[in-house]
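Down below is the structure, laid out as structure tokens.
Below, chain A is the first sequence line, B the second, and so on; all start at residue 1.
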Amino acid sequence: MAFLNIKKISKFYISDQEADGRVVVFDNFTLSVALGEFVCFFGPNACGKTTILKMISGLIPLDEGTVTVDGRSPGQVKMSYVFQNLEGTLFPWRTCLDNIAFPLEAYGLTKREAREEVLCFVEGIDNTFPLHRYPHELSGGQKQLIAVYRALVSNPELLLLDEPFSELDFDRRTRMEQILLRILADRPTTTIFVSHEIEEAVFLSDRVIILGGHPTTICAEVPVNLDKPRKLSMLESAQFSRIRDTVLHAFRCGKANDL
Amino acid sequence: MKNRLTPLFGFVVVVLFWGIGAYIVEIPFLPSPVEVMGSLFSMVLTQRYWDDIMATLFRTGVSFGISTFIGVPLGLVIGHFLIMRRLFEALLDFARSIPATALLPLFLVLLGVGDSGKIALTCYSVTLIIAIYTMLGVANASKERLLYGKTLGASAFFLFTRIVFFDALPSIMSGLRASISLALILVIVAEMVMMGGEYGLGMRLYLLRFKTDYSGMYAMILTCGILGYLINWVLKWLTSRYVHWGQ
């Protein structure tokens, strides 16, 4: 029994440019994700990756079909959504501590309880983090960490990440990825990660789903059976290259169909 | 050139030119800086001087308080609901465009020469300014932070009080700063025209002119300037202390 069930969803937008007055973005799109699985959506820009995350989270309504998480509708599920521009979603008027505490407050904890929980959580990961400073006093990497901590502190049932590290250079990005994987290893969370970096997609996930076409369809699914925990050295292994090539091949096929 | 005294340079230049000018032209309504300082010192020692200041400050403070109390919630509501903005933004813009001084005769007829007329006139303009700044702050609040809040499934009230309000706060503070200076100006003008009551800087300024006590008049103008400067400074300090993330 799958944990996340996306069943035959469709999404249209009204458009004057099209003959029938609408653009079909998704048409009968179906996918299921198992409990605790880490899935990566990989595909070209504007292939509907963000749209599907927004539909899963309930931010934009579906025109047809259903999304259920553990049998419930998305509104009833504790979900963490990390946007692409994650610095833009931090609260400059709150200290890092209170930024991370925000989702807990939204779930009804008092300020004090929320803070205590954050302290517990962050101490288990990095006890040197400058929690009492404001975001603008921090480096770019630390700001990204606030967003990641904030997404995980509430023990979400479903974690949605939309190209969170796309603006980082290779070194910073791999470091953030390892931190993310380390936290997730301690608290297995069903995760959907959107990426347009092929190596990132393979390195992080249990399964890479290649999206493409208009309307968006699944071009291919590539299971990633690399050992866990993932280590940076794996990027150079033959097995990694083989999986990456498979993904790349599927991606090219998807594009070929598109044209 | 980086010294705590450097900002005083401009003052010294103006006073110097003023002194030279007064020495050369010698007309009654241009007293020398020394005379004006003399008047100011003798005034400072009188109870009347402080009563005038307190009366003006009281009217300014009350007007500012009432205006904040009405203007901020009004701006929050109009800014938050698009339908409200469509319905009332034009009216707000027009109402603000009527110079408050043009309404002075009306308020004089309606409320008389006492405190209520002066305060009502000031509140009219200041409330609108505060409401407009607040409205713009809310309307320009970060969509991304709000969207993030929505993903948590929080109530509209929670999102508004924890996200939108804080996003609007820098703009609200700018509105408060702009309007406290305006409040002082309007109270002084109102005191000149609505000469009810015993005290007030505007009234005093007018009386000194009637009595042709020109150096006293200049001393009073200086007092008004100092007052305005201090009030603005307090708000600036409050802003930098509590709304540190803005600007």
Side-chain angles (χ1 to χ4, degrees), chain A residues 50 53-61 69 72-96 98-109 111 114 133-138 146-147 150-151 153-154 156-162 164, chain B residues 68 72-73 75-76 79-83 130 133-177 234-247:
Chain A
T50 299
L53 281 196
K54 286 191 171 163
M55 288 196 291
I56 293 170
S57 68
L59 279 182
I60 54 179
V69 182
R72 289 164 289 159
S73 74
Q76 297 163 301
V77 177
K78 203 152 77 172
M79 216 182 280
S80 283
Y81 192 141
V82 179
F83 291 104
Q84 189 168 6
N85 168 21
L86 36 76
E87 285 182 26
T89 64
L90 297 179
F91 303 113
W93 56 85
R94 286 176 167 244
T95 59
C96 297
D98 289 338
N99 260 289
I100 302 170
F102 189 85
L104 299 172
E105 289 175 35
Y107 293 142
L109 264 63
K111 202 154 193 147
R133 290 183 176 268
Y134 288 92
H136 69 88
E137 301 174 299
L138 268 61
I146 302 176
R150 189 173 68 173
V153 70
S154 55
E157 296 173 79
L158 184 63
L159 178 62
L160 306 171
L161 300 142
D162 187 1
Chain B
T68 306
V72 171
L76 290 177
H80 187 60
F81 299 103
L82 191 62
I83 179 77
I130 293 176
Y133 271 88
T134 307
M135 179 191 81
L136 291 177
V138 173
N140 295 328
S142 158
K143 300 282 173 290
E144 218 144 30
R145 282 193 269 272
L146 189 59
L147 203 61
Y148 164 73
K150 280 185 184 161
T151 65
L152 300 172
S155 70
F157 180 76
F158 185 90
L159 296 178
F160 189 76
T161 53
R162 310 299 161 97
I163 301 180
V164 178
F165 176 73
F166 284 95
D167 249 326
L169 208 48
S171 179
I172 295 175
M173 287 309 288
S174 306
L176 294 185
R177 270 179 66 188
V234 168
L235 257 103
K236 211 160 126 183
W237 181 82
L238 282 175
T239 308
S240 66
R241 179 89 174 71
Y242 295 103
V243 194
H244 50 81
W245 67 89
Q247 282 97 44

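You'll find the ring centres of A:F102 and B:F158 inside the 6.0 Å limit.
Considering every non-hydrogen atom in both A:I56 and A:M79, the closest pair reads O-CE, 3.8 Å. Smallest separation of non-hydrogen atoms from A:A114 and A:A101: CB-CB, 3.9 Å.
You'll find the side chain of A:V69 stays beyond 4.5 Å of the side chain of A:Q76, heavy atoms only.
Of the atoms belonging to A:L160, not a single heavy atom falls under 4.5 Å from chain B. Heavy atoms of A:E105 lying under 4.5 Å from chain B belong to its backbone as well as its side chain. Contact of A:K54 with chain B is made through the side chain alone, with heavy-atom distances under 4.5 Å. Contacts of B:S142 with chain A are made by side-chain atoms alone, with heavy-atom separations under 4.5 Å and no backbone atom involved. Contacts of A:Y81 with chain B are made by both backbone and side-chain atoms, with heavy-atom separations under 4.5 Å.
The most heavy-atom pairs under 4.5 Å with chain A, out of B:L169, B:L159, B:D167, come from B:D167. Chain B forms the most heavy-atom pairs under 4.5 Å with one residue out of A:G88, A:S57, A:G75, and that residue is A:G88. Listed options A:A106, A:P74, A:S154, A:G58 were ranked by heavy-atom pairs under 4.5 angstrom with chain B; first place goes to A:A106.
Ring geometry for A:W93 versus A:F91: interplanar angle of 30 to 60°, hence tilted.
Between the B:S171 side chain and the B:Y133 main chain, a donor and an acceptor come within less than 3.5 Å of each other.
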